[in-house]
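Reviewing the structure listed below.
Position 1 is the first residue of the sequence, and the numbers go up from there. Atoms within each ligand, like the ligands themselves, are counted from 1 in listed order.
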Amino acid sequence: MKILVLNCGSSSIKYKLFDMTSGNVMAQGGIEKIGLPGAFLKLTDKNGKKVILEKDIPEHQAGIQFILSVLTDDTYGCIKDYKEIDAVGHRVVHGGEKFASSVLLTKEVLDKVVECSELAPLHNPANLKGIAAMEALIPGIPQVGVFDTAFHQTMPAKAYMYGLPYELYQKYGIRRYGFHGTSHRYVSKRACEILGVKYEDQKIITAHVGNGGSIAAIMNGKCIDTSMGLTPTEGLLMGTRCGDVDPGAIPFIMEKEGLDAAGLSDLINKKSGVAGLVGGSSDMRDLEAAVEKGDERAIMTLDVYNYRIKKYIGAYAAAMNGCDILVWTGGVGENQWETRRVVCQDMEYMGMKIDVEKNKGMRGEEMVISTPDSKVTVMVVPTDEEYMIASDTLEILSNK
Ligand SMILES: Nc1ncnc2c1ncn2[C@@H]1O[C@H](COP(=O)(O)OP(=O)(O)O)[C@@H](O)[C@H]1O
Ligand SMILES: CC(=O)OP(=O)(O)O
Ligand SMILES: [Mg+2]
């Protein structure tokens, strides 16, 4: 059985084609910098060589079409016909309170995903485009949705309720949902597997830091809190999202800038974060380069970025009365070692000691980066949302 996984992020589309019978990954790659200058598709070819194909990708639909054409391409492809694909697993970002686990994407489910779109405007529309593109290409193919919100459904009310009138929760489901759940679930389990410890006995903090970023607190195998909220805009400073901000600032800005709800949503989701603060690119590689040149505003932006991550780690250690394992993942968490160092340093109060030399320059590998005497084991675990999505898809189809 061949399962194609599409993972549409806000700035990226990752894909993997799995042969579930042999367990092999037949094709994999991803488009980065969607909507930015210099977008490209990075793929691993048949001989295991990395290939970069530059192409203007203004939005997700064009990206999905490009990926699909490459899959059957004479040079880079690995299948002759799309009909060889048996099923598709999709990352779906917002599932609200409706989905605590993965499901077959029926018309009814898709209607709910559409309903949740206004709460994840950078993501759900992209996920829906991926689903529609596959249905158009292979009509009737089974498609499964794996929700970012599902893993966080175990949070207690004290973590997910906002201090707003209760009626707003009853009427509209205004509460914290949390995102990147598939990644938090994968890396927390994988960390325990690597360390040979029992998942259900650990206090784990997972830092998924990419273009979007969130921190989760996982206690005894269950998520108990996470930094993203009703929407993926809360919490950390992100590529183009503001993260935590005084709610009182919102009506003030709307009035002063003459913005309606859509204008405000655009401001906090697309024009804020790193891009808004620095007044330039949302990509952390560009920010790093500007910091190296001594750009004062870039330095301030990176300070805000790192400080937010540190505060959430401290908060979740407090929430769990300690932390056994801290896991870094996501494009930034896996690669940007300087952010890992700055955040993890001066955390001796909670028994965290990072091995600065081991961490330095380390990118994209599974590795423990704390010292042997650190009470908290700090690790890097590259995320594999696609693997989780493929196994959920297989399980759902097997039980159909
Ligand atoms: N080698 C690297 N060094 C520093 N930052 C990197 C590196 N590779 C990717 N990143 C950063 O990771 C972010 C993208 O993360 P990713 O998790 O792929 O995004 P998304 O949230 O769209 O899924 C970008 O800000 C990018 O600059
Ligand atoms: C939910 C979210 O922010 O996803 P991403 O990091 O892929 O943009
Ligand atoms: Mg992502």
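- The shortest contact between atom 8 (O) of ligand 2 and any protein heavy atom is with Ser10 OG, 2.5 Å.
- Atom 8 (N) of ligand 1 has its closest protein heavy atom at Asn335 ND2, 3.4 Å.
- Nearest protein neighbour of atom 20 (P) of ligand 1, counting heavy atoms only, is Ser12 OG, 3.6 Å.
- Atoms of ligand 2 found under 4.0 Å from any heavy atom of Gly9 (numbered from 1 in listed order, with element): 7 (O).
- Nearest residue to atom 5 (N) of ligand 1 from Glu32, Arg363, His208, Arg285 is Arg285 (criterion: closest heavy atom).
- Side chain of His184 to main chain of Asp148: no donor-acceptor pair is present (N/O by atom type, distance under 3.5 Å, no hydrogens or angles).
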For residues 118-128, please give each side-chain donor-acceptor pair under 3.5 Å, one per line with the distance, not counting sequence neighbours.
residue: Asn124; atom: OD1; partner: His94; partner atom: N; Å: 2.8
residue: Asn124; atom: ND2; partner: His94; partner atom: O; Å: 3.2
residue: Asn124; atom: ND2; partner: Val113; partner atom: O; Å: 3.1
residue: Asn127; atom: OD1; partner: Val93; partner atom: N; Å: 2.9
residue: Asn127; atom: ND2; partner: Cys8; partner atom: O; Å: 3.3
residue: Asn127; atom: ND2; partner: Arg91; partner atom: O; Å: 3.3

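- Residue Leu122 does not touch ligand 2, judged by heavy-atom distances below 4.0 Å.
- Considering only non-hydrogen protein atoms, atom 7 (O) of ligand 2 sits nearest to Arg91 NH1, 2.9 Å.
- If you check which protein heavy atom lies closest to atom 11 (C) of ligand 1, you get Val332 CG2, 3.8 Å.
- The proximity of Lys14 to ligand 1, defined as any non-hydrogen pair under 4.0 Å, is limited to the side chain.
- Remark: of the listed residues Val103, Val5, Val146, Val146 is the sole one forming a side chain to side chain contact (heavy atoms under 4.5 Å, CB included) with Asp392.
- Residues Phe66 and Ile138 share a hydrophobic cluster, clusters being chains of Ile/Leu/Val/Met/Phe/Trp/Tyr side chains in contact below 4.5 Å.
- Polar contact with ligand 2: present for Gly212 (N/O pair, distance under 3.5 Å).
- More than 12 heavy-atom neighbours from other residues, nucleotides or ligands sit within 6.0 angstrom of CD on Gln170.
- For CZ of Phe252, the number of neighbouring non-hydrogen atoms (other residues, nucleotides, ligands) closer than 6.0 Å is 12 at most.
- Taking any N or O of Met284, backbone or side chain, at least one lies under 3.5 Å from an N or O belonging to ligand 1.
- Which parts of ligand 2 touch Asp148 is read off a 4.0 Å heavy-atom cut-off, strictly below it: atoms 1 (C).
- With 3.5 Å as the limit, one finds no donor-acceptor pair spanning the side chains of Asn220 and Glu200.
- Those atoms of ligand 2 with a heavy atom of His123 less than 4.0 angstrom away are 1 (C), 2 (C), 3 (O), 4 (O), 5 (P), 8 (O).
- Considering backbone and side-chain N/O atoms, Asp283 comes within less than 3.5 Å of an N/O atom of ligand 1.
- Of the protein's heavy atoms, Asn211 N, 3.6 Å lies nearest to atom 14 (C) of ligand 1.
- With a 6.0 Å radius and a threshold of 12 heavy atoms from other residues, nucleotides or ligands, Lys310 has its NZ atom above the threshold.
- Arg241 contributes a side-chain N or O that, together with a main-chain N or O of Pro232, makes up a donor-acceptor pair within less than 3.5 Å.
- Neither side chain, Ser281 nor Asp283, offers a donor N or O lying under 3.5 Å from an acceptor on the other.
- The shortest contact between atom 10 (N) of ligand 1 and any protein heavy atom is with Gly331 O, 3.5 Å.
- Residue contacts with ligand 2 leave out Met238, since none of its heavy atoms falls under 4.0 Å from the ligand.
- Not a single heavy atom of Gly239 sits closer than 4.0 Å to an atom of ligand 1.
- Nearest protein heavy-atom neighbour of atom 6 (O) of ligand 2: His180 NE2, 2.7 Å.
- Listed by atom number, the atoms of ligand 2 under 4.0 Å from Met228 heavy atoms are 3 (O).
- Residue Gly212 approaches ligand 1 through these ligand atoms, each under 4.0 Å from one of its heavy atoms: 21 (O).
- Side-chain atoms of Thr329 come within 3.5 Å of backbone N or O of Val381 as a donor-acceptor pair.
- Ring pair Phe99/Phe147 is parallel by interplanar angle, where below 30° counts as parallel and above 60° as perpendicular.
- Ligand-side atoms of ligand 2 in range of Phe179: 1 (C), range being under 4.0 angstrom from any heavy atom.
- From the protein, the heavy atom lying nearest to atom 3 (O) of ligand 2 is Arg241 NH1, 2.8 Å.
- Ionic pairing of Arg285 and Glu288 is not present here: no N-O contact between side-chain nitrogen and carboxylate oxygen is shorter than 4.0 angstrom.
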(request) Assess whether ring-ring contact (aromatic ring centres under 6.0 Å, His included) is satisfied between His180 and His152, documenting all intermediate values. (result) CA-CA 9 Å; His180 298 129; His152 302 299; 8.5 Å; no
